[in-house]
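Reading through the structure tokens given below for one structure.
Each ligand, and each atom within it, is numbered from 1 in the order the structure gives.
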Amino acid sequence: MIIVFVCTLPYPSYTARECPAKGSLAVPCTQASGKGFEPVEFSAPARVNLIGEHTDYTGGLVLPMAIPFRSIATIQPSDAGIYELSSENFPSTRTLQSTQGLVPVHEWSDYPVGVLRELLSLGVKPPPFRLHLRGNVPLGAGLSSSASIEVATALAILALADASLSPQAIALLCRRAENNFVGSPCGIMDQFVITAAQANHALLLNTRDLSCELLPMDQDRLAGTRIVIANSTVKHSIAGGEYGLRRREVEIGQSALRARFPELRDLGEATLEQLAVCQSKISPEAFRRCRHIISENGRVRAAREAMLVGDPIELGRLMTQSHISQRDDFECSVKEIDFLVEQALSLPGCFGARLTGGGFGGCTVNLVAVEDAERFAFTLKDAYRRRFLLEAPVYICEAVDGAVRQNASTRPDRR
Ligand code: GLA
């Protein structure tokens, strides 16, 4: 089955816009008893990254957008004086007698409990609650199911505690929950775009200073394209070893560069010429990983220009170049993903295709002419089924808003 999501919000103007994520700073938290609090739902989207992969932990650029899969957190005060966390997708319910001494138990509930712990450390004091999670974000597909759960949980607990934080502060605390409690060494991209995204825009984020810009998806000839995501169903996990190994290799390369060029703050500022100077100081693997990162930052800058002039040919070309770099230099692709990319590029209407997200499985993201999108999806699925005897769900997506209070129709309800 082909799942088609179409979002029909009015199109904004054709220029880059300032991203409001930093706008309002944290409002002081007040204690709340939760009495009189009706169950409230908070909904956070998933994300797909258009370009800028593995650049978000060394001060680089990323260009993701939010997509219309959702995680929904429902919260209400608990009369029993305990904290209860449940999920439609998992059978176990986690019960906390108190919020002291929280430790991971290596299952789904570590994500919301990690968020709770980070909120407590900021002085947010929710009364005992029942939190229930549900949603339709494909798990382990590289579309950020975990960040989506974290952000929905953070919004729900903040609401119950009658507290609020800026989108940026929420993104940072959710990443800390994932790094420190769950133990996944992820960067900031997913949590940030899930809180701060706006419909019909991709979000260009500088991960060094968290400055960001909203880039229209509908400029000129880009208005005639769709983002099509193909799910290889090969499970990806950033808690698994490969992501962390790549990250360590990149950080070794970054250290060598900074030792040689002390003015460099991180790889986000490094050039390929500087990397060449350091080649003999680092392993061939670290060299190739850094070559991917540095060239990828350049491709994100070029993608910004392509989006602003609405050039799908150039944007698609950059996406495909990004895939080649991930495959050959970063070595984070797998044969199923390479097949999906090669097939996609042979199909009518496809401007570019690449592996998206953490890699080692997951999804491809494709830029496809709108009139060809349905046939593209059908043909790609068919080819994948014949080659691997596997079903590849394909999603045709438009960019949606970041996390919201469920059913909210106005900006003030966004956190
Ligand atoms: C995962 C991580 C992100 C980012 C991507 C790769 O999605 O959660 O922080 O590093 O991989 O770009």
Under 3.5 Å side-chain donor-acceptor pair for [X] and [Y]:
{"X": "Thr207", "Y": "Asp56", "result": "no"}
{"X": "Ser78", "Y": "Arg130", "result": "no"}
{"X": "Arg354", "Y": "Ser322", "result": "yes"}

Please list, in number order, the atoms of ligand 1 under 4.0 Å from a heavy atom of [X].
{"X": "Cys186", "result": "2 (C), 8 (O), 9 (O)"}
{"X": "Asp190", "result": "1 (C), 2 (C), 3 (C), 7 (O), 8 (O)"}
{"X": "Gly357", "result": "6 (C), 11 (O)"}
{"X": "Met189", "result": "4 (C), 5 (C), 12 (O)"}

### Evaluation steps, salt bridge (charged side-chain N to carboxylate O under 4.0 Å, His left out), between Arg327 and Asp338
CA-CA 8 Å; Arg327 184 192 66 196; Asp338 289 339; 5.1 Å; no
### Query
With sequence neighbours left out, what residues match Leu390 under side chain to side chain contact (heavy atoms under 4.5 Å, CB included)?
Thr233, Tyr384, Phe388
### Message
At under 4.0 Å between heavy atoms, is it the side chain or the backbone of Arg47 that contacts ligand 1, or both, or neither?
### Response
side chain
### Query
Would you say Glu53 and ligand 1 have an N/O pair spaced under 3.5 Å apart?
yes
### Query
Judging by distance only, is a nitrogen or oxygen of Gly187 under 3.5 angstrom from one on ligand 1?
yes
### Query
Any donor-acceptor pair under 3.5 Å linking the side chain of Ser295 with the backbone of Arg291?
yes
### Task
Please work out which of Tyr243, Phe330, Tyr57 has its closest non-hydrogen atom nearest to atom 2 (C) of ligand 1.
Tyr243
### Task
Pick whichever of Gly358, Pro64, Gly362, Gly60 has a heavy atom sitting closest to atom 11 (O) of ligand 1.
Gly358
### Query
Any ion pair linking Asp110 and Arg94 (charged N to carboxylate O, less than 4.0 Å)?
yes
